[in-house]
Number of protein chains: 2
Amino acid sequence: MNNIETTENIFVHFEKFIPLSETLKSELSKRIKPVEFKKGALVLDANTICTKSYFVNKGILRTYFIKDGKEISEYFSGVAEWVNSPRSFMQRKKDIYYIDAIEHTETYFINVNDLVYLFDNFPEMERYSRLSMGTLFGHFMERIASMRFTSAKERYDHFQRVYADIYHRIPLGMVASYLGITQETLSRIRAEK
Amino acid sequence: MNNIETTENIFVHFEKFIPLSETLKSELSKRIKPVEFKKGALVLDANTICTKSYFVNKGILRTYFIKDGKEISEYFSGVAEWVNSPRSFMQRKKDIYYIDAIEHTETYFINVNDLVYLFDNFPEMERYSRLSMGTLFGHFMERIASMRFTSAKERYDHFQRVYADIYHRIPLGMVASYLGITQETLSRIRAEK
DNA sequence: CATAACTTTTGACCTACATCAAATAATCAC
DNA sequence: GTGATTATTTGATGTAGGTCAAAAGTTATG
């Protein structure tokens with residue numbers, strides 16, 4: 001596969017938000033490169049600054065942090081999503097988030113410097129960024145609400161719906177910490193179905 | 001106060017993220033207008049589309065939704081923040097959020113159409129939007145984490161720190177639903193200090 | 001393919017917070 | 001100001017989900 005082909009999926013993604021000129025397409029193709037991760041591979045260490053954003057083409061990336069020695073899953077990537085450590089990536093400083101690959105995962109990545117170049121030269125990229133973040137906002141608000149006002153079982157049901165195609169590939173302990181419950185409780189919830 | 005004066009605070013806010021040209025300042029001044037709300041006034045009804053974004057200069061706005069007949073507070077504005085119903089405002093459709101004024105509140109507002117005009121004609125406004133949203137992201141992620149892994153008391157302590165200057169002006173019931181606990185529990189937490 | 005190293009399940013018991021109910025205290029409207 | 005609302009506190013009791021511990025199942029590695 002040449003690079004133009006590999007970035008087709010990404011173009012489709014961008015075009016949900018902005019039209020892509022040929023010039024921009026070519027600039028994107030030059031700057032977006034494929035990289036794969038083996039199952040269990042660490043994609044980002046919290047002790048480093050996140051300088052790359054990964055677009056998941058196949059597989060699952062997980063964002064997590066460590067609290068009291070335990071890994072707390074914050075987020076699972078679906079396919080066709082950018083994954084990075086937001087504050088680290090945008091503000092070029094360390095943050096608490098690790099990223100790893102739950103299974104063998106194919107991604108394309110862009111370096112923060114290249115992205116900044118695109119922001120500086122293609123105002124539509126700024127627009128893309130604003131619009132795509134906007135949709136994420138709603139998800140965040142819903143999740144905050146659900147953490148406060150729904151039972152563990154309701155949250156698990158919702159999780160299964162949102163992650164319908166991948167939830168069974170994520171280890172139980174990771175799902176539990178994502179939902180804010182213990183493994184034992186999640187195991188019992190599963191059992192009584 | 002003429003309008004140029006009233007928008008000074010907002011200029012300071014913008015300049016935390018982007019430099020403001022004189023042209024842009026003048027365009028902003030033309031489009032940003034003051035409006036005040038009495039204590040208890042409804043700023044946005046969930047049954048309508050949110051077409052204005054409010055910049056709080058004095059007072060407190062609250063975003064809430066209704067679940068099982070009860071008001072659940074989602075967010076309290078600090079001073080110098082934009083408040084709107086994000087998905088409604090950005091996607092021009094109804095959403096579940098109401099906004100009201102907890103006390104007499106002074107704001108400046110901009111209409112969504114005017115904002116779109118600015119986005120279309122001043123790429124730096126897109127950049128402002130991207131950067132300012134970026135900082136909010138971190139707050140959302142922290143709140144999601146805190147809802148899952150901290151006790152009611154810890155969340156209340158954190159709330160007091162974050163809203164140090166206004167927390168005592170917000171009625172207990174509203175604080176409780178914001179924290180995801182009952183009024184009774186919050187009352188007991190307060191009592192034992 | 002065997003043993004080590006995780007992951008998931010099951011059980012007993014405990015606690016933080018919810019629910020329901022009723023008594024005060026504060027605020028509002030006339 | 002005074003009665004009517006509305007907000008807050010206090011008490012008794014219930015329960016979802018936590019903790020600790022150990023067994024059973026699964027996956028990885030030499």
Side-chain angles (χ1 to χ4, degrees), chain A residues 37-42 59-60 62 64 66-73 76 98 100-104 144-160 166-193, chain B residues 37-42 59-60 62 64 66-73 76 98 100-104 144-160 166-193:
Chain A
F37 297 98
K38 283 187 211 150
K39 177 172 180 170
L42 192 64
I60 309 172
R62 171 180 70 132
Y64 66 95
I66 292 182
K67 176 169 165 122
D68 303 332
K70 285 183 206 146
E71 296 181 358
I72 309 291
S73 299
F76 304 107
Y98 297 77
D100 67 2
I102 289 183
E103 54 187 41
H104 185 95
I144 290 172
S146 90
M147 283 300 161
R148 284 182 296 179
F149 298 105
T150 57
S151 68
K153 180 164 190 332
E154 284 174 298
R155 274 178 275 156
Y156 180 60
D157 289 345
H158 183 252
F159 170 79
Q160 285 186 305
I166 58 168
Y167 80 90
H168 55 282
R169 281 144 54 191
I170 304 172
L172 173 136
M174 293 184 188
V175 174
S177 71
Y178 174 86
L179 296 174
I181 58 180
T182 59
Q183 302 194 23
E184 295 93 325
T185 297
L186 181 52
S187 176
R188 282 182 246 263
I189 288 171
R190 277 190 180 173
E192 71 195 26
K193 290 223 179 183
Chain B
F37 298 97
K38 283 187 211 151
K39 177 173 180 169
L42 192 65
I60 308 173
R62 171 181 71 130
Y64 66 97
I66 292 183
K67 176 172 165 119
D68 302 333
K70 286 185 206 145
E71 296 180 358
I72 309 291
S73 298
F76 304 107
Y98 297 77
D100 67 2
I102 288 184
E103 54 187 40
H104 185 96
I144 289 172
S146 89
M147 282 301 161
R148 285 183 295 179
F149 298 104
T150 57
S151 68
K153 180 164 190 329
E154 284 174 298
R155 275 178 274 157
Y156 180 61
D157 289 345
H158 183 252
F159 170 80
Q160 285 185 303
I166 59 169
Y167 80 89
H168 55 282
R169 282 143 54 191
I170 304 173
L172 173 134
M174 293 184 187
V175 174
S177 70
Y178 174 87
L179 296 175
I181 57 180
T182 58
Q183 302 193 25
E184 294 93 324
T185 297
L186 181 52
S187 176
R188 283 181 245 263
I189 287 171
R190 276 191 180 170
E192 72 195 25
K193 289 220 181 190

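These numbers come from a predicted model, not from an experiment. Each chain gets a letter, A, B and so on, in the order the sequences are listed, and its residues count up from 1.
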Side-chain contact test, heavy atoms from C-beta onward, threshold under 4.5 Å: evaluate it for [X] versus [Y] and give yes or no.
| X | Y | answer |
| --- | --- | --- |
| F37(A) | H104(A) | no |
| V175(A) | Q183(A) | no |
| I189(B) | T185(B) | yes |

Verify the contact: side-chain N or O of [X] to OP1 or OP2 of [N], cut-off strictly under 4.0 Å; return yes or no.
| X | N | value |
| --- | --- | --- |
| K39(B) | dC28(C) | yes |
| T182(B) | dA18(C) | yes |
| T185(A) | dG17(D) | no |

Over how many whole Å does the gap from [X] atom [atom1] to [N] atom [atom2] extend?
| X | N | atom1 | atom2 | result |
| --- | --- | --- | --- | --- |
| L186(A) | dG18(D) | CG | C1' | 14 Å |
| Q183(A) | dG17(D) | CD | P | 16 Å |
| E71(B) | dT6(D) | CD | C1' | 13 Å |
| I181(A) | dA16(D) | CD1 | C1' | 11 Å |
| R155(A) | dA16(D) | CZ | P | 13 Å |
| I189(A) | dT9(C) | CD1 | C1' | 14 Å |
| E154(B) | dA16(C) | CD | P | 12 Å |
| K70(B) | dA7(D) | NZ | C1' | 15 Å |

N/O donor-acceptor pair under 3.5 Å between R148(A) side chain and S177(B) backbone: yes
L179(A) backbone acceptor or donor facing R155(A) side chain under 3.5 Å: yes
E154(B) and S151(B) side chains, donor-acceptor separation under 3.5 Å: yes
Y156(A) versus R190(A), side-chain donor and acceptor atoms under 3.5 Å: yes
Within residues 168-175 of chain B: residues closer than 4.0 Å to DNA chain C (heavy atoms): none
Position toward the 5' end of DNA chain D (nearest nucleotide), A152(A) or E184(A): A152(A)
Sugar-phosphate, base or nothing in reach of G180(A), heavy atoms under 4.0 Å: sugar-phosphate
Under 3.5 Å donor-acceptor pair, R188(B) side-chain atoms to dG11(D) base atoms: yes
